Amino acid sequence: MVLLSGLAVAWLGDRLAPLPTVAGTQTAGTPSWRMLAMFAGALPVLSLHSRMAALEAVGTARFHRGRALRLIMLWATSMAVFLGVCAVSVEGRVLEVMAGALPGWTGLGLLSGRLLGWRQGWILPALALLLISYWSVQDGTGSYPWWDFSRSPVAEHPVGIGVSLALLAVGALAFWMTPWRLRGLLRRS
C-alpha cells in the first residue's frame, strides 16, 4: 500500500484535492501529496491490529520489544519506499516537506491506535489533516502557522519539524503505555 501511495504521489503531484479553508479568497484545497503522505505515515500503525489483542496485551516484555522492533523496521522500510518512489517525479522541496511531516503523521497514528484501537490508527491523522488544511492559511509573507508541520520545508520552518517529532514522541509514549504497564504505574501511585 505504501508503494501504491508513492506511485499516486508521483502521478498526482501538486493536483489540489478539494478541502475547504478558512480563507475564502484563497484556492480551496490541499495538494494530493499532502494527503497521501498522511496516509503513508499512518499505514504502518495499522499493522499493529490483531485478533488476539487480549492475549497479546498480557504478553511478555520480550513480545512487546519484538513488536516494537517490527513496527520500527516496517516504518523505516515503508518511509524509504514511499519517499524513494515519490522522488522519481516530485521536486526536492516537496520531498523535504513530506519527509519532515511523516514522523508527525505516524505519531498521530500511534496515539489514535492506542486510544481508539489499532484498526482506527488512521482517524486522528485524518482529522488533524482536515483541521490543519482548514486553519493553516498563508499570511502576508507567504509562511504558514508555526504549528503546521505538514506544509513548509525543514530549512525554512524548523519549528515544524519540532512539532512533527513531538507528535512522534507522544505517539511512541502512547505505544509504550500498554495496559499492563498502565496497571503497574497506577498500583505504584
Side-chain angles (χ1 to χ4, degrees), residues 1-46 75 78-79 81-83 85-87 89-172 174:
M1 291 302 292
V2 172
L3 178 64
L4 292 176
S5 297
L7 290 172
V9 168
W11 179 55
L12 294 172
D14 280 338
R15 206 172 290 164
L16 289 179
L19 289 177
T21 64
V22 73
T25 59
Q26 292 184 0
T27 305
T30 190
S32 297
W33 57 260
R34 194 174 183 202
M35 289 195 308
L36 290 164
M38 180 274 302
F39 177 70
L43 194 60
V45 174
L46 300 179
W75 184 80
S78 296
M79 297 309 102
V81 167
F82 176 73
L83 292 172
V85 171
C86 291
S89 68
V90 173
E91 67 183 66
R93 183 177 187 277
V94 172
L95 202 61
E96 180 186 358
V97 171
M98 285 191 297
L102 286 171
W105 295 129
T106 304
L108 284 169
L110 287 168
L111 184 60
S112 180
R114 175 56 69 204
L115 295 175
L116 306 172
W118 296 116
R119 277 181 130 172
Q120 284 76 30
W122 59 272
I123 292 176
L124 281 180
L127 181 63
L129 177 67
L130 290 174
L131 293 174
I132 289 171
S133 295
Y134 186 75
W135 291 106
S136 178
V137 179
Q138 284 180 325
D139 60 12
T141 64
S143 60
Y144 292 94
W146 66 268
W147 44 263
D148 187 355
F149 65 93
S150 67
R151 225 17 148 164
S152 300
V154 176
E156 294 174 16
H157 190 55
V159 175
I161 191 69
V163 170
S164 184
L165 293 174
L167 287 170
L168 181 61
V170 168

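Hydrogens, waters and symmetry mates are skipped; everything else that's a heavy atom, side chains included, is used. Keep in mind it's a predicted model, so treat the numbers as computed, not measured.
With values rounded to the nearest 0.5 angstrom, Ile132 atom CD1 is found 9.5 Å from Leu127 atom CG. Note that CG of Leu111 is 8.5 Å distant from CG of Leu167, once rounded to the nearest 0.5 Å. Rounded to the nearest 0.5 angstrom, Trp118 CH2 and Ser112 OG are separated by 9.0 Å. Rounded to the nearest 0.5 Å, atoms CG (Leu43) and CE (Met38) are 10.5 Å apart. Rounding to the nearest 0.5 angstrom, the gap separating the CE atom in Met35 from the CG atom in Leu130 is 9.0 Å. For the atom pair CG (Leu102) and CH2 (Trp75), the distance works out to 6.5 Å, reported to the nearest 0.5 Å.
When all heavy atoms of Gly41 and Pro44 are compared, the pair lying nearest together is O-CD, 3.6 Å. Closest heavy-atom contact between Val45 and Gly121: CG1-CA, 4.3 Å. The shortest heavy-atom contact between Ala8 and Leu36 is CB-CD1, 3.7 Å. Heavy-atom minimum distance, Leu110 versus Gly171: CB-O, 3.4 Å. Listed here is the closest heavy atom pair of Met79 and Ala40: CE-O, 3.1 Å. Across all non-hydrogen atoms, the minimal contact from Leu108 to Ala128 is CD1-CB, 3.6 Å.
A search for side chain to side chain donor-acceptor pair (under 3.5 Å) contacts involving Ser150 returns Arg34, Asp148, not counting sequence neighbours. Remark: Trp122 engages no residue in a side chain to side chain donor-acceptor pair (under 3.5 Å) (not counting sequence neighbours).
Of the possible donor and acceptor atoms, none in the side chain of Ser164 sits under 3.5 Å from a partner among the backbone N and O of Gly160.
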Residues 90-99, side-chain donor-acceptor partners within the protein, below 3.5 Å, at least two apart:
unit_1: Arg93; atom_1: NH2; unit_2: Glu156; atom_2: OE1; d: 3.4
unit_1: Glu96; atom_1: OE2; unit_2: Val154; atom_2: N; d: 3.1
unit_1: Glu96; atom_1: OE2; unit_2: Ala155; atom_2: N; d: 3.2

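Dense packing is recorded around CH2 of Trp147, with more than 12 heavy atoms of other residues, nucleotides or ligands lying under 6.0 Å away.
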